[in-house]
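First up is the structure itself, then whatever we jot down about it.
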Amino acid sequence: MKYRLGIDVGGTNTDAVILDEQQTVVASIKTHTTADIESGIDHAIAGVLAESGIAPADIHWAMLGTTQATNAIVERKELARVGVIRLGYPATVAIPPYTEWPDDIVQILSGQYALVHGGYEYDGQTLTIMDDDELREVLTGWQGKVDALAVVGVFSALNKDQEEHVAAIAQETLGADIPVSLSATIGSIGLIPRENATILNAALYKVIQRVTRGFSEALRQRGVNDATVYLCQNDGTVMSLDFAAQYPILTIGSGPTNSIRGAAYLAQKKNALVLDIGGTTSDIGVLVNNFPRESSKGVEVGGVQTNFRMPDILSIGLGGGSIVRQHADGSVTVGPDSVGYRITEQARCFGGDVLTATDIAVRLGNAALGDPSLVTDLDDDLVQKAAAEIRRMLEEAIDKMKPSAEDVDLILVGGGMIIVHGQLTGTAHTYTDSHGGVANAIGATIAQVGGQYEKLYQYANVDRAKAIADATALAERQAATAGAIPESTQVVDVEEIPLAYAPGDTTRVKVRAVGQLK
Amino acid sequence: MRKLDIPAIQHIATGAALMGAGGGGNPFIGKLMAISAVRQFGPVTLLDPSEVPDDAVVSSPSGIGAPAVTLEKFPNGSEFKLAMKKLEDLLGKPITAVFPIEAGGINSMMPLVVGAQMHLPVVDADGMGRAFPELQMSTLVLAGHKICPIVMADEKGNSVIINTDDPHDAEKFARAITVQMGATAQSASDTTTGKALREDGVTGIMTLCEKIGTLLSAVSQYPTVADALQDLLQVTHGYHMMTAKITDIRHVTKGGFNFGTVIFNGLDEDQGHTGQLEFQNENIVFKREDTVLATAPDIIALVDTETLMPVTNEMLHYGKRVFVLGIPCNPKWRTPAGIKSVGPRYFKYDLDYEPVEDRVKAFRSQTVEAVK
C-alpha cells in the first residue's frame with residue numbers, strides 16, 4: 001500500500017493527515033504551531049505516523065503547506081540582497097523600484113537597482129532596444145554585492161524573451177548559480193506590484209532552501225526515506241522542491257487554499273462557498289471548478305503591495321474562541337478578540353471565566369463540549385442575542401463572497417464550525433464532515449501538481465484559437481516542470497480578460513493545468 | 001500659499017478619487033509619481049487662486065490614454081518638462097504656474113509632479129471640479145478659452161503639437177496621437193491667464209480634495225461611520241441617496257470607453273428598495289426605482305459603507321456595500337451651454353437635467369407624503 005502524508009502549518013495549529021491510495025483518511029492529528037515552525041512540523045510527522053501505525057517506508061508522497069515564506073518577509077529574516085533590473089528605459093523612470101516600501105526591508109534587500117533599455121509597447125513592439133554592454137556593466141558591478149536578481153520588463157506578459165535574455169547574461173557575469181526571478185512568471189499586469197512580487201520572490205531563495213531541507217530531513221529522521229516531496233502552492237496544487245526553489249513566493253497563502261480544496265474533497269463538491277471557522281477568525285473562500293477563486297485585488301505582504309495570484313478570501317474576526325460581550329445599552333457583540341488556543345482553559349464551559357462563541361453553542365445544546373452545566377446560568381436574552389449576532393456576521397460575510405444573488409451550497413469546515421447551527425440565509429445546502437477540522441491538511445495531501453501560464457495576446461493580430469492553444473501548451477509545460485507526469489496533464493481553467501481601453505483587442509489569457517504526481 | 005507634503009498628496013489623491021465620480025483612473029500610479037517627485041525635488045507650493053497675478057501664464061499638464069496601459073508603462077517623468085518647454089517656445093513666454101485639468105485619480109496628481117520637478121506653483125483650481133472623459137468638457141472651454149496649443153510628449157523625447165480652434169477636433173487628434181505614442185502620453189494644454197483661471201475654473205478643488213482625503217483617513221476615529229458620513233456630506237455639500245449592496249454589474253467596452261450599468265438592493269433604512277446606476281467611464285445617472293435622483297454633471301460617487309473610501313468603477317463587484325452619494329457640481333456647469341456639453345443628453349439619456357438638491361428634496365417630500 002502506498003500512502004500520502006500531508007502537513008499544513010497555520011497560525012495556531014499544525015495539522016497532519018495520512019491518506020491511503022483511495023484517498024481515505026487513515027490518521028489525522030492537530031498540534032500547536034511552534035515559534036520555530038520546524039519543531040511543530042517534526043512533532044506532527046511523528047504524531048500522525050504513530051497514530052496511523054503505518055510503516056514510514058510506505059509513505060510515497062509527502063506534502064507541506066507552510067507559512068515560513070510569509071513569516072520571513074513579515075519578520076525580515078534570512079532575506080537575500082537583491083539586485084533589480086528593470087527593462088523599459090527611458091519609460092517608467094518616474095517611479096523607481098522600492099518606492100513606498102518600508103525602509104527596513106529595503107535596507108535588508110540592499111535597495112540596488114538599474115533601469116536599463118528594453119521592454120515592449122502594449123502591442124508587442126519593442127519599447128527600446130536592449131543593450132547587452134549596458135547590462136554586462138551593471139551586472140559586473142554587482143559582483144559580490146547581490147545574492148539574487150529580480151528582472152522585470154515593461155509588458156513582459158506579452159513576451160518574456162527579454163527577461164530570459166537578462167537571466168542568460170546574469171549567469172555569464174555572476175555565475176551559473178545566481179538565483180534569477182523573472183517577473184513574467186510571477187505576477188500579472190501592473191509593473192510596480194509585479195516588480196514588488198518578483199523582488200520578494202528573489203529575496204526568499206535562502207528561506208525556501210531551509211524549508212525544503214528541513215522538511216526532507218524531518219521526514220528522513222522519522223524513517224520516511226523514499227517519499228517524493230512537494231510544497232503546496234497558493235492555487236491548490238503542489239510543486240516539486242526544485243520548482244519551489246525558483247518560486248518560493250507561490251507558497252504564500254497556501255493555507256486558506258488547502259482548506260478550500262480539502263473541504264471540496266470532503267463534500268465531493270466542485271462549486272460552493274467554503275466557510276472555515278477557526279479559533280479567532282472565519283475565512284470564506286469560493287470554490288470554482290474544484291479550485292479556489294483568485295483574488296482580483298492586489299495583496300499586501302509585509303507592507304509591500306504585490307499582485308501575484310492569491311486565493312480570494314474574506315476573513316472576519318469570528319471564531320470558536322471569540323469573546324462575547326453585552327454592552328450597557330443591552331446590545332451584544334462577538335469578537336473580534338478571541339481567547340484563541342487557550343479556549344480549553346479560559347472558556348466558561350471549560351471552567352474559565354471568559355464568555356465565548358463556543359459557550360453560546362454549548363448553552364444552546366448545539367455542541368457537546370466541556371461541562372454544559374457551567375453555562376446553564378447564562379441569561380437567555382444574552383444567549384439569543386449572541387447567537388443572532390454570530391448568524392448575522394456569517395450571513396453578511398457569505399453574501400459579500402457569493403458570486404451572484406442566487407443561493408449557494410456551503411461547505412463548513414474548521415475547528416470552530418460548532419458555532420454555526422441550522423441553515424444560513426443565502427445558502428442552499430450545508431455540508432459538514434467529521435474530518436472537517438483537518439480539511440486544510442487534507443487539501444495539502446490530495447493536491448495534484450499544477451502549472452499556470454498567463455500571457456497577453458492581441459486578437460487583432462493573433463487568431464484567438466491559436467492564442468489559447470499556445471497558452472495551453474505553455475501551461476502544460478509549466479505543470480510538467482513543476483513535477484507532474486507530462487502525459488497526465490490536463491487543462492482545468494482558461495480565462496480571457498480583455499484589457500480595457502487598449503486598442504487591438506488586447507486580451508490577457510490565463511490557463512491552468514494540472515497533472516498527476518510522479 | 002502653502003506647501004504640500006507627502007501626506008497632503010495622499011489625501012488629495014483619495015479626495016480626487018471621490019470627486020472623480022467613479023472615473024478618473026486608478027490613483028495608484030499618479031500618487032506614486034507625485035510622491036517620488038516630492039521625495040526627489042521637495043514639497044510643492046499650492047497657490048490660492050487669489051494669489052495668482054492676473055496676467056500669470058498658467059497651463060495644465062495631464063496624462064491621456066488607457067489607464068490599464070499606464071499601470072504597466074508609466075512615464076519617464078521628463079515628458080512634462082519637454083511639453084512645457086515646447087509650449088513656452090510656442091507662446092513666446094514662460095509658464096508661471098500649473099493647474100490640474102480635472103479632479104481624478106491620475107490627473108489631479110500630474111501638476112504636483114510638474115510642480116515639484118520644475119519648482120512651479122500649483123494653482124488651487126481645475127477645469128471641471130470633478131472628472132470627465134473628454135478634453136473639451138471643461139468650464140474653461142465653456143467660457144470660450146482654447147485648449148490648444150496642446151503639446152503631447154512621450155518618454156522617448158518625441159513631441160507633437162496640436163493646433164485647432166475646434167475643441168472636439170482637439171480631442172479627436174489627441175486620441176489618435178496617444179495611440180501612436182503607445183496608448184498613453186503626457187501633455188500640456190489649456191493655457192490661459194491667472195485671472196481667467198480664477199474666474200472660469202473651479203476654484204478650491206485641491207483643498208476640497210485634501211479635506212475629503214483627510215476626513216476619510218480618520219474615519220476610524222469617529223464614534224460611528226454614520227458620524228463620519230455626516231461630516232463628509234457637510235464638506236462636499238452632498239446628499240446620501242441610498243445605502244445599498246451591488247447585486248449586478250454589466251460592463252461593455254466600446255471605442256476605448258467603459259460603459260456599464262450597476263444594480264443595487266437597498267440595505268438598512270433602504271431595505272426593500274432597488275437602485276440603478278449608469279456609467280460611461282464616470283457615473284452619469286442614478287435612479288431609485290423609477291425616480292432619477294442625480295445625473296451628470298452633478299457628481300454621483302460610491303463609498304464603502306465601512307471605510308467610506310471611494311469606490312471607482314474598476315472596483316465594482318457583486319456584494320460590495322456602498323453609500324450612494326450625490327454631490328452638486330460647480331454652478332458653472334448649470335447653464336444651458338454647460339448642460340448641453342455634459343448633461344444627460346450628451347451621454348444619450350433622454351432626460352432633462354435638474355440639480356441633485358432639487359431632485360433629492362422632491363423625492364424626500366414625496367416619501368414623507370407617502371408615509372403620512
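Because only heavy atoms are used, hydrogens play no part in the values below, and waters and symmetry mates are left out as well, while side chains stay in. The chains referred to below are lettered A, B, ... by the order of the sequence lines, with proteins before strands, and numbering in each begins at 1.
Distance check: A:N196 CG to A:T99 OG1 gives 9.0 Å after rounding to the nearest 0.5 Å.
Ranked by non-hydrogen atom pairs under 4.5 Å with chain B, the options A:E121, A:Q125, A:E195 are led by A:E121. Of the residues considered (A:T128, A:L115, A:I192), A:I192 shows the highest number of contacts with chain B, using heavy-atom pairs under 4.5 Å.
The aromatic rings of A:H117 and A:Y89 sit perpendicular to each other, their planes meeting at more than 60°, with 30° as the lower class boundary.
When each of A:L394, A:L314, A:I398, A:D276 is tested with A:S282 by the rule side chain to side chain contact (heavy atoms under 4.5 Å, CB included), just one qualifies, namely A:L394. Just one of B:T247, B:L277, B:T274 meets the side chain to side chain contact (heavy atoms under 4.5 Å, CB included) condition when paired with B:F264; it is B:L277.
Contact of B:I246 with chain A is not made at all, since no heavy-atom distance falls under 4.5 Å. Contacts between A:L127 and chain B at a heavy-atom distance below 4.5 Å involve backbone atoms as well as side-chain atoms. Of the atoms belonging to B:L32, heavy atoms from both backbone and side chain fall under 4.5 Å from chain A. Of the atoms belonging to B:K245, it is side-chain heavy atoms, and not backbone ones, that fall under 4.5 Å from chain A.
In terms of the side chain to side chain donor-acceptor pair (under 3.5 Å) criterion, B:D268 has no residue partners (sequence neighbours excluded).
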